[in-house]
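One structure below.
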2 protein chains.
Amino acid sequence: MMALLRLADLSAKSGAEGALVTTRELARLMGISQQSASRYLIELEGLGLIHRSRAPEGERIRIAEEGSRRLAELYAILRGFFERPEAELSLEGRIFTGLGEGAYYVSQEGYRRQFVEKLGFDPYPGTLNLRLDPKSRSRRPLLDRIDPIIIEGFANGSRCFGPVKCFRAKVADRIEGAVLVAMRSHYGDDVIELIAPVGLREALGLRDGQTVRVRIPLAPNPQRSSA
Amino acid sequence: MMALLRLADLSAKSGAEGALVTTRELARLMGISQQSASRYLIELEGLGLIHRSRAPEGERIRIAEEGSRRLAELYAILRGFFERPEAELSLEGRIFTGLGEGAYYVSQEGYRRQFVEKLGFDPYPGTLNLRLDPKSRSRRPLLDRIDPIIIEGFANGSRCFGPVKCFRAKVADRIEGAVLVAMRSHYGDDVIELIAPVGLREALGLRDGQTVRVRIPLAPNPQRSSA
DNA sequence: ATTACTAGGAATCGAGTAG
DNA sequence: TCTACTCGATTCCTAGTAA
């Protein structure tokens, strides 16, 4: 099965005429011996999952119909796991206390004016930090499929403030706010920051370590992200 | 790895709090022994791919961050295989001669009028049958993501004609026609039928067994299919 | 009911090597 | 070079049980 996946990968990178593979190369890719690679190919062919045809410099492999079917099963499982059908992106994570920088940044007049203008609310001076759980983290890239509200960067005499992406979000099913994604964040990919018209921590009675869900509506016409 | 996939499937079907699994059930799903299922869970936990917590009636499994990452790799491979980025769905297959029913159906005035009206051409009285190659067949479900042109069914005194879905398509890179998908087809999933303003077989100089490519433009704003 | 240890039989792996 | 066979070494699996 893993061999079939590897071949699918090679196949996708080749044309429709099939991938040119040697047992040695397949072995290297999979971290197994050339002999095992050879055996896998024999087995996969015997199971009707691939078609093989010898070439001078290796062999040409095409995924057979039954092979595609098996791969499609895996694909369906992974699709179900990563992209449960929904009209919103739901992220969950635990609250933690940051360095207090959020308040400083959000209060900057250059940002604040844009928040009021583009989000329609004057943000409480402070951010709520959420460390995403593993599953939410894996789904975070879906944010890139949503049209962001761009808060432009500005200079404030002494220093520069970078641009920020926002996404409207409903926090804990109660409060309308926004997810903030600094284009250059000091946090890793597993953290999101939230703002709202009110102090979320107080309004929701939250303490560090508690789990909060954030729901970000998907745009009605999501545009394809071109990687 | 396969165990992790199975758990991802169960996880997707459960809530965010984790999937409730017993080793026996996992064993049954994977076609292995309860002992092996237990061992797999121990290994996956040791590798940091899942989190486990005992419950009276089994255990609660959550996919860990590293587990999600591994699954995402597989997902990326399969995405590459099944959905190479493109603005169109390209299907290939071999021509074969059907029972001649195509001509009969297409010529029905109830259909023909709608073809003219909705497709903008008067179809040649006959269909070109294509048996899809394995890869194309696996991608055929993508058709469901395209807004179909619906040709409505009708009754003709003596008998009934069912509704038909159409998709505009370019045949062999030359002729603008349409893919026909009868809602109740007598062919299997590996066959598509083509119509065009001209006789495709003659216009393209095609014979049975030859391979033809059909390109179906994807709608600019594909709507999510809700299963 | 669970999970998971142990032991030994079964399956798999890869070094050597032939074609 | 390439693929793929043989065969001994190793890994993996499951039946029997314990907890």
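Each chain gets a letter, A, B and so on, in the order its sequence line appears, and its residues count up from 1.
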[X] [atom1] to [N] [atom2], straight-line distance once rounded to whole Å:
X	N	atom1	atom2	answer
L20(A)	dT1(D)	CG	C1'	14 Å
L44(A)	dT3(D)	CG	P	15 Å
E25(A)	dT1(D)	CD	P	15 Å
R24(A)	dA15(C)	CZ	P	11 Å
E59(A)	dC2(D)	CD	P	11 Å

Donor-acceptor pair, distance only, cut-off 3.5 Å: does the side chain of [X] make one with the backbone of [Y]?
X	Y	answer
D208(A)	T97(A)	yes
E45(A)	I42(A)	no
R140(A)	V191(A)	yes
E73(B)	R70(B)	no

Look at T23(A) and dT3(D) and indicate whether a side-chain polar atom (N or O) is within less than 4.0 Å of OP1 or OP2.
-> yes
Tell me whether the OP1 or OP2 atom of dT2(C) has a side-chain N or O from R54(B) closer than 4.0 Å.
-> no
Give me the ring orientation class for Y75(A) and F82(B): parallel if the planes are under 30° apart, tilted from 30 to 60°, perpendicular past 60°.
-> parallel
Scan T22(B) against the nucleic acid and name what it touches under 4.0 Å (heavy atoms): base, sugar-phosphate only, or nothing.
-> sugar-phosphate
Looking for any heavy atom pair under 4.0 Å, which part of the strands does I42(B) touch: base, sugar-phosphate only, or nothing?
->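 The residue I42(B) makes sugar-phosphate contact but no base contact.
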Just wondering, more than 12 heavy atoms not from R94(B) lying within 6.0 Å of its CZ?
->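 No, not enclosed.
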Scan nucleotides 12-15 of chain D against the protein and return all N/O pairs shorter than 3.5 Å with their distances rounded to 0.1 Å.
residue	atom	partner	partner atom	Å
dC13(D)	OP1	Y40(B)	OH	2.8
dC13(D)	OP2	R39(B)	NH1	2.8
dC13(D)	OP2	R39(B)	NH2	2.8
dT14(D)	OP2	S33(B)	N	3.3
dT14(D)	OP2	S33(B)	OG	2.8
dT14(D)	OP2	S36(B)	OG	2.3
dT14(D)	O5'	S33(B)	OG	3.3
dA15(D)	N7	Q35(B)	NE2	3.0

